[in-house]
Number of protein chains: 2
Amino acid sequence: MDPTFAQRDTVESALKGHGLQATSQRVEVLRRLRASERHLSADDLYAELIGAKMKVSRATVYNTLNLLKEHGLVSEMVLDPGRVLFDPNTEPHYHFYDVDTHEITDVPADKVGFTCLPLLPEGATFKGVDVVVKISRRG
Amino acid sequence: MDPTFAQRDTVESALKGHGLQATSQRVEVLRRLRASERHLSADDLYAELIGAKMKVSRATVYNTLNLLKEHGLVSEMVLDPGRVLFDPNTEPHYHFYDVDTHEITDVPADKVGFTCLPLLPEGATFKGVDVVVKISRRG
DNA sequence: CTTAATGCAAAGGCTTTGCAGAGAC
DNA sequence: GTCTCTGCAAAGCCTTTGCATTAAG
């Protein structure tokens, strides 16, 4: 079975599992996000899809990403103002952030451990930790 | 000696220490940022200044904040797209982030410790860690 | 007097919205 | 046939920019 079909199938199942129609635009957005090494912006994805001669509009890419986000299929990362990236990895994990190139790399969750975390404010529930390790290659 | 004068004086020294003219707009932006319990956006500050009947323009607030950022007198935080906040605390520290209200609270650095951090990519220099502990009060 | 900072208004980039047409079921 | 999604273009929001005016040293 060819891997592209397998991916497409999984993506379709994921969409349908959330009660979402598996339209070609949605399938392609989620599939490419999952297939990409990098974390992509809405515009990155739009450019990819247009480059692949697909019929899609910018608005649909934005709307689709928001829809996927609402359904927990992708998460949003905002590292620079005006640079919103989407991360298809819904498992706990952290990030390297190159402060010069703005490149993002994943760090598996087991590479970061805490000896202590702060006491939560009264009445608060823990919802997760975001850890961004900032690095530079310029010294 | 009245505390407002003391604050103003410290802020002026900080600006001059970086070779920046201590104009009334710059002094007030930095002073209010330091005096605030919350982390403020450019527009929050603009509204505060206008409310205090000061002569200032939006452009100057934005330009001043960027200037302060370049000189390391404040740091920028981007937690939601379109919500850039400025943090006058230049000591290492982390943040609580209320996912419902988008409120930000400081966590002193000594409340968070790591048992391990990931090996850096080849040739990379460590530039810091951002830790955001996400919380909710809705359960 | 010379240099630098401010204010205004216009432009810019990214994202969302409204509505008509196309597509899914 | 009905309901939903898509595409287009326009509007929105936040931020930056250019240039004349004003303030600082």
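Letters A, B, ... are given to chains in the order of the sequence lines, protein chains preceding strands, and every chain is numbered from 1.
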Original post:
Atom CZ of A/Arg83 to atom P of C/dT15: distance rounded to whole Å?
Top reply: 10 Å
Original post:
For B/Ser24 and B/Asn63, take the nucleotide of DNA chain D holding the closest heavy atom to each; which residue's nucleotide lies nearer the 5' end?
Top reply: B/Asn63
Subject >> For DNA chain C, the residues among residues 50-62 of chain A that have a non-hydrogen atom under 4.0 Å from it >> reply: A/Ala59, A/Tyr62
**OP:** To the nearest Å, give me how far apart CZ (B/Arg26) and P (D/dA23) are.
**Re:** 16 Å
Original post:
When clusters are formed by joining ILVMFWY residues with side-chain heavy atoms under 4.5 Å apart, either directly or through shared neighbours, do A/Val78 and A/Ile104 land in the same one?
Top reply: no
**OP:** Give the rounded distance in Å between these two atoms: CG of A/Leu65 and C1' of C/dC14.
**Re:** 13 Å
**OP:** Give a yes or no on whether B/Val131 and B/Leu120 share a hydrophobic cluster (residues Ile, Leu, Val, Met, Phe, Trp, Tyr; joining criterion: side-chain heavy atoms under 4.5 Å apart).
**Re:** yes
Subject >> Between C/dC25 (P) and A/Leu20 (CG): distance, integer Å >> reply: 12 Å
**OP:** Calculate the interatomic distance between A/Tyr46 atom OH and D/dC8 atom P; express it in whole Å.
**Re:** 7 Å
Original post:
Of B/Ser41 and B/Gln21, whose nearest nucleotide on DNA chain D comes first from the 5' end?
Top reply: B/Ser41
**OP:** Mind listing the closest non-hydrogen atom pair of A/Asp43 and A/Tyr62 along with its distance?
**Re:** OD1-OH, 4.2 Å
Subject >> Residue pair A/Glu76 / A/Val84: nearest heavy atoms and the distance that separates them >> reply: CG-CG1, 3.4 Å
Original post:
Taking the side chain as C-beta and beyond, is there a heavy-atom pair between A/Pro118 and B/Phe96 under 4.5 Å?
Top reply: yes
**OP:** Tell me what B/Asn66 touches on the nucleic acid: a base, only sugar-phosphate, or nothing, going by heavy atoms under 4.0 Å.
**Re:** sugar-phosphate
Subject >> A/Leu15 versus A/Leu73, closest heavy-atom pair with distance >> reply: CD2-CD1, 4.3 Å
Subject >> Rounded to 10 degrees, the angle between the two terminal axes of the helix from C/dC1-D/dG25 to C/dC25-D/dG1, each from five pairs >> reply: 30°
Original post:
Looking at B/Thr23, does any N or O in its side chain come under 4.0 Å of the phosphate oxygens OP1/OP2 on C/dA4?
Top reply: no
Original post:
Which heavy atom in B/Glu28 sits nearest to a heavy atom in B/Met54, and how many Å separate them?
Top reply: CG-SD, 3.3 Å
Original post:
Starting at CG of A/Leu79 and ending at P of C/dC14, how long is that distance when rounded to a whole Å?
Top reply: 16 Å
Subject >> Where A/Asp130 and B/Lys134 come nearest, the two heavy atoms and their spacing >> reply: OD1-NZ, 3.3 Å
Original post:
Between A/Val133 and B/Lys127, is any pair of side-chain heavy atoms under 4.5 Å apart?
Top reply: no
Original post:
A/Leu49 CG to D/dG7 C1': how many Å, rounded?
Top reply: 14 Å
Original post:
Just how far, in rounded Å, is P of C/dT15 from CD of A/Glu76?
Top reply: 9 Å
Subject >> Closest-nucleotide 5' rank along DNA chain C - winner of B/Pro81 and B/Leu67 >> reply: B/Leu67
Original post:
C/dT6 phosphate, OP1 or OP2: any side-chain N/O from B/Gln25 under 4.0 angstrom?
Top reply: yes
